[in-house]
Amino acid sequence: MLQLNENFLNLNQNYLFSEIAKRIAEYTKANPDKTVIRLGIGDVTKPLTNKTIEALKEGVSHMSSADTFRGYGPEQGYEFLRNAVVDYYHRNGASIEADEVFISDGAKSDTGNITDLFGPDNDVLIPDPVYPVYMDSNTMSGRNITFIDSNKDNNFTPMPYDGLKADIIYICSPNNPTGASYTRSQLKEWVDFAIVNKSIILFDAAYECFIEEDIYPHSIFEIEGARQCAIEFCSLSKTAGFTGTRCGYTIIPKELEFKAGNGENVSVNAMWNRRQSTKFNGVPYIVQYAAAATLSEEGIAECKENINYYKENAKLIAGCFDERNIKYFGGINSPYIWFECPNNMYSWDFFDYMLNEIQVVGTPGAGFGKNGDNFFRLTAFGSRENTIEAVRRINGMLDKM
Ligand SMILES: *Cc1c(COP(=O)(O)O)cnc(C)c1O
């Protein structure tokens, strides 16, 4: 008789965004005359830039003629895109090589799939609150998860401490949901910890393009020693609005090796290469062609205009809290504003309160972990018009609370 992977039964069944959608649907059904503004889900709203669109069209034209048509491509991604990622990293001050870059359909797949490479008995360290993929993918494979508290006492940047045990360490900086970022010196402490303990850091850099202050690194590979202990995930989703177009990249340095049970040193880069070659057939040529154009200097300059637009929204939202001296995190090097719910409200209660009182939707921190119970996330990815209206309503609400 078939046996199921019963680890799935240990997953939290209540998917955050479906619960939010359900509550909004119920509210709008009961209040059809009200306009709800959504500053909840972390999806972009600006269309792709001109440079990306032109390259997509060019990619399509290549597919229409026998001389330039492409079928299966390399599972690791086309050389031209791997080189474009290398150039992008060099411009950001980190040195990587093309055969350390693996192109994929996004950072979510790679952060989920990477667990294929690691044995079942590792101690997995995950910050609480966290992007749910890290936790759920390890729960599916039945690994033991330890949480490290990320809270206002440590400014949502938890650090290694004496006696900490961790073989696989997840770090997301700038962070979703908290908007907090690690400085270079803080990351150096994690790198040193990983090297001493022979652990691996899985670094999610999905929001690196929002960094504007130089104390925060764009890549963990700006940190000395990281090439011996870290993998980095990133994508064009937040950088270039590719959430629906799908293209990401994972960087695995060739120095990254661990000892197997038989005493042999095994390259993680070679393992991932094998994994991808077996289970993945690459990202569409058209998308890769456009991604390479997007990562060019000119392409990124266009993306920065959109990112600056979102950052302007973030400043407007943060202004509500600045004016009242309410502490918040993010809002500068991040599209997220993470703040403590007024009057110590539970975040789902605050969600309902905001929806009912001012019809503004955010994301309750409780959906990301227990340290999020009394926190709330607003995103800067809305339109300017909606953001301005939401800010007006939030100001009115805070004045009454
Ligand atoms: C949005 C996001 C990603 C990007 O996922 P894609 O699959 O590339 O769209 C990765 N990590 C975090 C934490 C995110 O919020």
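Each ligand, and each atom within it, is numbered from 1 in the order the structure gives. None of these values were measured; they are calculated from a predicted model.
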(message) I need the contact residues for ligand 1: any residue with a non-hydrogen atom closer than 4.0 Å to the ligand, ordered by chain then number.
(response) G106, A107, K108, Y131, Y134, C172, N176, D204, A206, Y207, S235, S237, K238, R246
(message) Is it the case that atom NZ in K304 sees more than 12 heavy atoms from other parts of the structure closer than 6.0 Å?
(response) yes
(request) Identify which one of E213, E305, E212 satisfies the salt bridge (charged side-chain N to carboxylate O under 4.0 Å, His left out) criterion when paired with K311. (result) E212
(message) Taking ring pair (Phe, Tyr, Trp, His ring centres under 6.0 Å) as the definition, give me every residue that meets it alongside Y89, ordered by chain and number, with sequence neighbours left out.
(response) none
(request) Please identify each residue that fulfils ring pair (Phe, Tyr, Trp, His ring centres under 6.0 Å) with F258, with sequence neighbours left out. (result) none
(request) Among residues two or more places apart or on two chains, list those pairs meeting salt bridge (Lys or Arg N to Asp or Glu O under 4.0 Å) that have a residue in residues 218-241. (result) E100-R227, R184-E222, R227-E255
(message) Which residue in the set R274, K279, R143 passes salt bridge (charged side-chain N to carboxylate O under 4.0 Å, His left out) when paired with D116?
(response) K279
